[in-house]
Amino acid sequence: MLCFLQKSLYRNLGEYERKIHGWGCLLDFELSAEQKMIVEAAKDIAKDFGPEYWREKDKKHEFPEDFWKSLIEAGFTGIVVPEKYGGGGMGMAEMVLAMETLASEGCGLAGEWFLCLSAVFGGLSISKHGSEAQEERYLPKIAKGLEFCLGLTEPDAGTNTLNISTAAVKKGGEYCVNGQKMFISGADRAKGMLLVARTTPIEKAAKRSLGLSLFLVDLPNPAVEIIPIDKHGINYSKTFEMYISDLKVPEDALLGELDKGWYHVLDTLNPERMSFSAASCGIGLLAIKKAVDYAKERKVFDAPIGSYQGVQFPLADAKAKIEAARLLNYKAALLFDKGLDCGAEANMAKVAAVDAGIGAVYHSMQAFGGYGYAVEYDVERWWREINLVRLAPVTHQMTLAFIGQHVLGLPKSY
Ligand SMILES: Cc1cc2nc3c(=O)[nH]c(=O)nc-3n(C[C@H](O)[C@H](O)[C@H](O)COP(=O)(O)OP(=O)(O)OC[C@H]3O[C@@H](n4cnc5c(N)ncnc54)[C@H](O)[C@@H]3O)c2cc1C
């Protein structure tokens, strides 16, 4: 009896999943009505922006205004904003589904990228740690598409985030900020920035992780100069060096508690990792799907190239690894939404998703042969986009170091 029930349950799961993604995956059976709507809405958006659109935006280095407008109109920038501020009142589980679907349906990293900037750096950070006044000021606007950016990375600190030297010094009722940031994405369009700065010098802090604070800074500001960095991919959005000189920030722009910014920003950085993992899995699924379609048709000897195990097995292997990474990433998102510790899962999901996504695009390119190198077939663009996830928002080595130390309990090497 149990066996029969299990069989019919699994058959239903398969049918449902094939409707959603065209592939088999267990967890999607558990999607709520709202989550199904998010997936369907993401598919609807993606339908309007085919490969030609993304090729052109990439080639012309042009911001995809129509796509961004569609995300706003569908309510995606407000997914994690509480309902009382005009948002969807949902969580990272829904955000991950939206980002993954946008990517798997053809939008590459773009959906994740823009939603991360606005909804995660802005919406989620303020929902988690904002005062009522900050929530009232920003959240309704974020739900309607106010753009944000994150000012964390610095040239001299890099991966050693606690070593940042941008300083916010209190003078009267305001802070005066000086310093330099590096790789700040979306800073040209952002109206708000989540800025991470030192409020207590590292040598005076009780421990290295104390003494950082978060600020909500309105942009543009004459005290904040930005210089674009030419980059490898994601050319429809710009990334900048940032010079901050005597920037005046009012006292009430402090987000959360003074000197506890590192602990607050983890509530942004873990969801950021989940966002990139979602996009990796999505791009990987897209790359596999396109390679499979191609490999069924393309014949150079007697049989389609997809029948040769040298082509077929790497795609099958990538598919299996992506489905495993998706499940781990959903788990990370569900833990975060329940207010539970999700650091281990967020980092492990990122390791799995980076390997799986990059592997999928790599083998997709191989299946396309020389055509994989041609712009017309899109794989080279996904390759340029997905390479970022090994480096940002956290490098692959640092996610492994986190797992080594915090999951396995091994000694820290640095
Ligand atoms: C396109 C793009 C967009 C970005 N957008 C933003 C943004 O919007 N906001 C923001 O704040 N930042 C942003 N970043 C910054 C990104 O998060 C950093 O580049 C990343 O964290 C790595 O820092 P780094 O480049 O200084 O590398 P480094 O710290 O110099 O590291 C160089 C290499 O050494 C390795 N390494 C360093 N220390 C160790 C160690 N102890 N053990 C093992 N390996 C180690 C690293 O893993 C890496 O491979 C962006 C970066 C890029 C490329």
Side-chain angles (χ1 to χ4, degrees), residues 58 61 63 108-110 112-122 124-125 147-166 177 179-198 208 212 214-215 217 219 224 226-244 261-262 264-266 268-277 279-280 346-347 350-351 354-355 358 381 383-406 410-414:
D58 182 62
H61 291 220
F63 184 82
L109 215 73
E112 179 275 338
W113 187 264
F114 297 124
L115 290 175
C116 196
L117 291 177
S118 177
V120 175
F121 296 162
L124 197 63
S125 311
E147 291 175 57
F148 244 78
C149 64
L150 169 70
L152 170 62
T153 305
E154 296 191 4
D156 295 333
T159 292
N160 188 358
T161 311
L162 298 178
N163 225 20
I164 62 167
S165 57
T166 292
V177 186
Q180 189 186 342
K181 296 285 174 185
M182 193 69 191
F183 294 121
I184 309 308
S185 301
D188 52 338
R189 297 176 48 97
K191 296 284 178 289
M193 168 165 63
L194 179 67
L195 176 70
V196 189
R198 271 232 161 254
R208 291 182 79 232
L212 295 179
L214 305 183
F215 295 93
V217 173
L219 293 178
V224 179
I226 54 172
I227 299 174
I229 300 170
D230 261 353
K231 56 183 171 28
H232 180 54
I234 318 177
N235 291 319
Y236 42 76
S237 175
K238 295 192 171 79
T239 297
F240 298 85
E241 286 178 57
M242 179 179 276
Y243 296 87
I244 306 174
W262 175 245
H264 299 332
V265 84
L266 290 177
T268 305
L269 300 184
N270 281 324
E272 187 190 22
R273 285 162 172 60
M274 295 168 206
S275 304
F276 275 78
S277 300
S280 288
N347 281 284
K350 181 154 187 294
V351 166
V354 167
D355 277 343
I358 288 183
R381 178 164 44 84
W383 179 245
R384 283 186 281 116
E385 294 201 356
I386 204 160
N387 265 311
L388 177 66
V389 299
R390 269 186 312 167
L391 311 169
V394 56
T395 66
H396 205 50
Q397 289 90 337
M398 293 321 280
T399 41
L400 292 171
F402 181 95
I403 297 164
Q405 288 156 42
H406 300 287
L410 290 168
K412 191 172 174 176
S413 67
Y414 51 93

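Worth saying up front: this structure is predicted, and the values here are computed from it rather than measured. Just so you know, ligand 1 is whichever comes first in the structure, and atom 1 is the first atom listed for that ligand.
Distance check on atom 50 (C) of ligand 1: some protein heavy atom falls below the 4.0 Å cut-off. For atom 30 (O) of ligand 1, the nearest protein heavy atom lies 4.0 Å away or farther. Under the 4.0 angstrom criterion, atom 23 (O) of ligand 1 counts as having a protein heavy-atom contact. Contact annotation for atom 33 (C) of ligand 1: protein absent (non-hydrogen atoms, distance under 4.0 Å).
If you take OG1 on Thr239 and CG on Asp188, they are separated by 8.5 Å, rounding to the nearest 0.5 Å. The distance from atom CH2 of Trp262 to atom CG of Leu212, rounded to the nearest 0.5 Å, is 8.0 Å. Once rounded to the nearest 0.5 Å, the distance linking CZ of Phe215 with CG of Leu194 reads 11.0 Å. One finds the NE2 atom of His232 at 9.5 Å from the CD1 atom of Ile234 (value rounded to the nearest 0.5 Å). Here the NZ atom belonging to Lys181 is positioned 4.0 Å from the CD1 atom belonging to Ile164, to the nearest 0.5 angstrom.
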**Asked** Is there a salt bridge (charged side-chain N to carboxylate O under 4.0 Å, His left out) between Glu147 and Arg189 once you walk through the steps?
**Response** CA-CA 7 Å; Glu147 291 175 57; Arg189 297 176 48 97; 2.8 Å; yes

**Request:** Apply ring pair (Phe, Tyr, Trp, His ring centres under 6.0 Å) to Phe63 and Phe114, showing your working.
**Result:** CA-CA 11 Å; Phe63 184 82; Phe114 297 124; 5.0 Å; yes

**Asked** side chain to side chain contact (heavy atoms under 4.5 Å, CB included) between Ser165 and Glu154: does it pass, once the steps are laid out?
**Response** CA-CA 8 Å; Ser165 57; Glu154 296 191 4; 3.5 Å; yes

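The shortest N or O to N or O distance between Asn160 and ligand 1 is not under 3.5 Å. Residue Thr239 has no nitrogen or oxygen atom sitting less than 3.5 Å from a nitrogen or oxygen atom of ligand 1, judged on distance alone. By the 3.5 Å distance cut-off applied to N or O atoms, Thr395 is counted among the residues near ligand 1. Checked against a 3.5 angstrom limit, the closest N/O atoms of Phe121 and ligand 1 fall outside it. The shortest N or O to N or O distance between Trp113 and ligand 1 is not below 3.5 Å. Between Thr153 and ligand 1, a contact under 3.5 Å exists for at least one N or O pair. Among the atoms of Leu152, some N or O lies under 3.5 angstrom from an N or O of ligand 1. Inclusion of Ile184 in the set of residues having an N or O under 3.5 Å from an N or O of ligand 1 is not warranted.
For atom 9 (N) of ligand 1, the closest heavy atom belonging to the protein is Leu150 O, 2.9 Å. Nearest non-hydrogen protein atom to atom 6 (C) of ligand 1 is Phe183 O, 2.5 Å. For atom 42 (N) of ligand 1, the nearest non-hydrogen atom of the protein is Met398 SD, 4.2 Å. Counting only heavy atoms of the protein, atom 26 (O) of ligand 1 lies nearest to Gly158 CA, 3.0 Å.
Side-chain N or O atoms of Glu385 include none that pairs as donor or acceptor with a backbone N or O of Gly108 at under 3.5 Å. A side-chain donor-acceptor contact under 3.5 Å links Ser277 to the backbone of Arg273. Here the side chain of Lys231 pairs no donor or acceptor atom with the backbone of Lys238 at under 3.5 angstrom. A side-chain donor-acceptor contact under 3.5 Å links Ser125 to the backbone of Val120.
A heavy-atom separation below 4.0 Å is found between Pro393 and ligand 1.
Atoms of ligand 1 found under 4.0 Å from any heavy atom of Ser185 (numbered from 1 in listed order, with element): 3 (C), 4 (C), 5 (N), 6 (C), 7 (C), 8 (O). Close contacts of ligand 1 with Gln397, meaning ligand atoms under 4.0 Å from a residue heavy atom, involve 43 (C), 44 (N), 47 (O), 49 (O). Atoms of ligand 1 found under 4.0 Å from any heavy atom of Leu391, numbered from 1 in the order shown, are 20 (C), 22 (C). Near Leu388, meaning under 4.0 Å from any of its heavy atoms, are these atoms of ligand 1: 1 (C), 2 (C), 52 (C), 53 (C).
Counting only N and O atoms by type, the side chains of Asn160 and Arg208 include a donor and acceptor under 3.5 Å apart.
The residue from Thr159, Asn163, Thr161, Ile229 that puts a heavy atom closest to atom 27 (O) of ligand 1 is Thr159.
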